[in-house]
Amino acid sequence: MYNLVMKDLKLGINPWFLVFPFFINALMLVPGWIYFILPLYFCWITVPNMLGGFRSQNDLIFTTMMPVTKKDIVKARVTVIGIMELLHLATAMIYGIFTLYLYPNLTYYFFAPHMGFWGLCFVMLAIFNLVLIPMYYKTAYKYGGAMVASITATILFAGIAQWVGIQSPFVSDIFNGSGADNTLLQLSILIAGIVIFVACTIIAYRIAVKRFMKVEIL
Amino acid sequence: MLAMDIRNLNKKYPNFELKDVSFQLEKGYIMGFIGANGAGKTTTIKSILNMIHIDGGEVHILGKNIAEHEIELKQEIGYAFGGSDFYTRSKLKTLTDVVKKFYTNWNDETYRSYLRRFKLDENKKIAELSTGMKVKYSLALALSHGAKLLVLDEPTSGLDPVARVDLLEIFQELVLDGEISILFSTHITSDLEKCADFITFIDNGQIIASAEKHGFMESYRLLSGSESQLEQVKEHLISYKINSFGFTGLIHAKDFDPSSDIKAATPSLEEIMIYYAKKVDAHV
């Protein structure tokens, strides 16, 4: 499994995508922006490029010829997607801390980058994984349909969450108002988000393994 | 001991079917796996390697069932798939560093010696290698992890005659000590006449014959005679063609009476393949 993860990181993924989060997430420094877009950049840019790279390099045949199980092939790939997601969110969070210090008196219309907001981002990526990974492993190389479905689902989630965050005074208070200073509340939302992310990714992995077992490597 | 024992492999596709494919390869020999394009060579190889799901049959490699011991056996199988390229923009060095981690018996010294022997430059990218060099690189990888069975799918296709002969000589050297066995699929039959010990011939998803090379060729006769002579043997011929001098046709040696005055010769592998292909055409 470890060898497969390293194979993806060394061979499969262009190093640019390991550096990319440090550049794109600098947009966190834009005051009062709609920060939900930043994790979405991962879904829009990094993932299709990664999956396209694997496909064009015949990664599937290359990997199947190695002494590895089909289960480990999926486990490693899901781990790699998870690592990339964590890298993306972690860098965004670091920039977010700077944003909070740089503009302490800003009135946020959209969600402010407090811990609770990052909890929502984890939920968003959880939905992304839950849709993308099982759909992708129907063939393990076609990713167009899986991308459209997973991106639509994440945008819907982000759109609805942000709309509720603006329309509902209760939700707005939790994320941008007095709730933002309640560390315990913020931390619990973040932890809940992480738990949902891990749970959905594990479910996605299990469905993907079942589907990949039936895939014929042509 | 059998390096490979394939029994009653069946696989059905909407437009193609592998039917009861069975053959055995003794350890330490080269088996040529021949058949026209689309005859089922690659499908058989992919079934053997558990890459596609078979509908029925069993595959034993080095005495073990691949369905049960896939990971263990893949440590001992080396591949060269002509025509499939992986990570072509990476350097050999980078690819090797990744690949070697997967194999418990990887030997760096062996790898270095094959790089020298095959004149492979580690700093070159896969895309910079010629077709023959790519096959040699696959061989170097396979031999460095101690592969006992080499499965080569069309390794000599697209190579010039010099590179082909060079590779064939390497294959022959590899099996010399009796440890390594090679299954070698190709449609370039002359390669097999030079180096194979056994021939397995697949046509339209079915094994026509699997036998020692000379025995296999001797089991057929290529007849040529006048059109009137054709009538004597027509119903036993596998297929035939008529030309201005009469006919030429392929027949099983057992169906041919040697005392007949029809001219008979031992066919080449290519001729056997061509006449079988004609037989299929005739039925279409």
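The chains referred to below are lettered A, B, ... by the order of the sequence lines, with proteins before strands, and numbering in each begins at 1. Nothing here was measured: the structure is a model prediction, and the numbers come from that model.
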* To do: Look at atom CZ of B:F118 and say whether more than 12 heavy atoms of other residues, nucleotides or ligands are closer to it than 6.0 Å.
  => yes
* **B:K101 portion near chain A, given a 4.5 angstrom heavy-atom threshold** => both
* Asked: Do A:Q57 and B:I126 come close enough that some side-chain heavy atom pair is under 4.5 Å?
  -> no
* Structure fact -> Applying a strict 4.5 Å limit to non-hydrogen atoms, the region of B:V99 in contact with chain A is both
* Does CZ in A:F98 sit with more than 12 non-hydrogen atoms of other residues, nucleotides or ligands closer than 6.0 Å? -> no
* Asked: Roughly how far, to the nearest 0.5 Å, is NZ of A:K7 from CG of B:D97?
  -> 15.0 Å
* **B:E70/A:K70 ion pair, N-O < 4.0 Å** => no
* Taking atom types as modelled, is there a side-chain donor on B:Y87 or A:D59 under 3.5 Å from an acceptor on the other? -> yes
* Check the surroundings of atom NZ in A:K71: do more than 12 heavy atoms from other residues, nucleotides or ligands lie under 6.0 Å from it? => no
* Asked: Where is the tightest heavy-atom contact between B:I52 and A:I217, given as atom of each residue plus distance?
  -> CG2-O, 4.0 Å
* To do: Locate the shortest heavy-atom distance separating B:L95 from A:F62; write the atom from each residue and the value.
  => CD1-CZ, 3.9 Å
* B:E109, CD: over 12 other non-hydrogen atoms inside 6.0 angstrom -> no
* Asked: If every non-hydrogen atom of B:Q75 is compared with every non-hydrogen atom of A:P67, which pair is closest and at what distance?
  -> NE2-CG, 3.7 Å
* Given a strict heavy-atom distance threshold of 4.5 Å, which part of B:I71 is in contact with chain A: side chain, backbone, both, or neither? -> both
* Could you go through the side-chain contact (heavy atoms from CB on, under 4.5 Å) check for B:K11 and A:E216 one step at a time? => CA-CA 12 Å; B:K11 172 75 187 171; A:E216 309 228 311; 2.9 Å; yes
* Taking it one step at a time, do B:M51 and A:L60 satisfy side-chain contact (heavy atoms from CB on, under 4.5 Å)? -> CA-CA 10 Å; B:M51 290 167 85; A:L60 190 54; over 6 Å; no
* Measuring from B:S90:OG to A:K10:NZ, what's the distance to the nearest 0.5 Å? -> 12.0 Å
* Asked: Just wondering, are more than 12 heavy atoms of other shown residues or ligands nearer than 6.0 Å to NZ in B:K124?
  -> no
* To do: Go through the atoms of B:T88 and report whether side chain, backbone, both or neither lie under 4.5 Å from a heavy atom of chain A.
  => both
* A:Y109, OH: over 12 other non-hydrogen atoms inside 6.0 angstrom -> no
* Please indicate whether A:R206 has more than 12 foreign heavy atoms, meaning atoms of other residues, nucleotides or ligands, lying under 6.0 Å from its CZ. => no
* **Point-to-point distance, once rounded to the nearest 0.5 Å, from OH of B:Y79 to OG1 of A:T64** => 9.0 Å
* To do: Please check if atom CZ in B:R89 has more than 12 non-hydrogen atoms from other residues, nucleotides or ligands closer than 6.0 Å.
  => no
* Between A:M65 and B:I77, does a side-chain contact (heavy atoms from CB on, under 4.5 Å) hold up when you go through it step by step? -> CA-CA 9 Å; A:M65 292 199 302; B:I77 305 176; over 6 Å; no
* To do: Could you look at B:K91 and say if it's the side chain, the backbone, both or neither that has a heavy atom under 4.5 Å from chain A?
  => neither
* Nearest atoms (heavy-atom pairs only) where A:N58 meets B:F86 -> O-CD2, 3.4 Å
